[in-house]
Number of protein chains: 2
Amino acid sequence: MLKFNGNEYPCCASLTMGIIGGKWKTVILFHLMNEKLRYNELRKSMPTVTERTLSLQLKALEEDGLIKRKVYTSKPPLKVEYSLTDFGKTLIPLIQSIADWGDLVVENYS
Amino acid sequence: MLKFNGNEYPCCASLTMGIIGGKWKTVILFHLMNEKLRYNELRKSMPTVTERTLSLQLKALEEDGLIKRKVYTSKPPLKVEYSLTDFGKTLIPLIQSIADWGDLVVENYS
DNA sequence: TTATTTAACTATCATTTTTATAGTTGCAAA
DNA sequence: TTTGCAACTATAAAAATGATAGTTAAATAA
């Protein structure tokens, strides 16, 4: 059994998927790979996720130390920017490979 | 919008995660990466998944053309072997990267 | 001989995750 | 003056996953 951030996983693949698995986390990381983005910018680049889920997934990624949330104004309308942490940046090659395999499928298997 | 096997995805990363995302699919593929395995062998290598979920995930992977199911005896006790298809084999480098990142986390961040 | 075990599942019900839809708060623009 | 915006939260429903038990016919153990 492997452990990370209070959770247990039966193998290394399962640990990775516990952190970036689910339907949307990888998509969020993909969009943050090359730039910081505000909440609404993320939302516009992911038109089919609901706001509640986006919000929950951002919190989970922050909790696991992959992204950081920076608030610029304390009173509404807030300005909030999300970006990868150094730890999150270790995922960049993997996220890129995930995106590349998706491209390959679109080009060759559909 | 990208399409694969009847589903639509907003980006290439989301397409990949639609196919290998979720809690268990990648773990199954990881165990099938280098060998064919019978149902119970898979189950023993994934001690924390329930049989129902394992069964459903195997069907989903088969449905997406990543694995094939071969039955050797027609009457109980059945002998069934699961293995990667050629299409599934295109995922091997990605699965390996996923496993490697999990190892890296265990070694350096826990 | 009888009982237990095995393999590959399926059934039923409970819990967790994700979705759908609507609402909140102050400021800014029309 | 009304409308819209940014970054969410609230509530309820649907989908995914988990817990537990049951099925079948043969093989094996007592």
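Within every chain, numbering begins at 1; the chains are lettered A, B, ... in the order of the sequence lines, protein sequences first and strands thereafter. Side-chain atoms are counted along with the backbone in the values below, which use heavy atoms only and exclude waters and symmetry mates.
- Non-hydrogen atoms lying under 4.0 Å from DNA chain D are contributed by B/G22, B/K23, B/W24, all within residues 17-37 of chain B.
- Formation of a donor-acceptor pair under 3.5 Å by the A/E41 side chain with backbone atoms of A/R38 is found in this model.
- The shortest non-hydrogen separation linking B/L84 to B/L32 is CG-O, 3.7 Å.
- Of the residues in residues 41-53 of chain B, those placing a heavy atom less than 4.0 Å from an atom of DNA chain D are B/T50, B/R52, B/T53, in numerical order.
- The residues A/E81 and A/K70 are annotated as not salt-bridged, no charged nitrogen and carboxylate oxygen being separated by less than 4.0 angstrom.
- In this structure, B/N7 atom CG and D/dA15 atom P are separated by 13 Å, rounded to whole Å.
- Every residue two or more places apart in sequence or in another chain that forms a side-chain contact (heavy atoms from CB on, under 4.5 Å) with A/T85 is listed here: A/K68, A/F87.
- Proximity of A/K59 to the phosphate of D/dT9: a side-chain N or O atom is located under 4.0 Å from OP1 or OP2.
- The phosphate of D/dA7 has neither OP1 nor OP2 within less than 4.0 Å of any side-chain N or O from A/Y72.
- Of the side-chain N and O atoms in B/Q57, one or more sit less than 4.0 angstrom from OP1 or OP2 of D/dT17.
- One interatomic measurement links the two molecules: CD of B/E62 to P of C/dA8, which rounds to 14 Å at whole-angstrom precision.
- B/H31 approaches B/S45 most closely through the heavy-atom pair NE2-O, 3.4 Å.
- Atom P of nucleotide D/dA16 and atom CG of B/L54 are separated by 17 Å, given to the nearest angstrom.
- A close approach under 4.0 Å does not occur between any side-chain nitrogen or oxygen of B/Y39 and OP1 or OP2 of C/dT10.
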side-chain hydrogen bond (donor to acceptor under 3.5 Å, both in side chains) evaluation trace for A/W24 with A/T53: CA-CA 8 Å; A/W24 296 110; A/T53 300; 5.6 Å; no
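- Taking CD1 of B/I19 as the start and CG of B/D64 as the end, the distance is 5.5 Å to the nearest 0.5 Å.
- The main-chain N or O of A/G102 is found under 3.5 Å from a side-chain atom of B/T16 such that the two form a donor-acceptor pair.
- Looking at A/T26, its side chain does come within 3.5 Å of a backbone N or O of A/I20 through a donor-acceptor pair.
- Rounded to an integer number of Å, the gap from CG of A/N40 to P of D/dA7 is 5 Å.
- Atom pair A/L56:CG and C/dT16:P shows a separation of 15 Å (rounding to whole Å applied).
- Considering only the side chain of B/R69, C/dA8 comes nearest among C/dA8, D/dT17, D/dA6.
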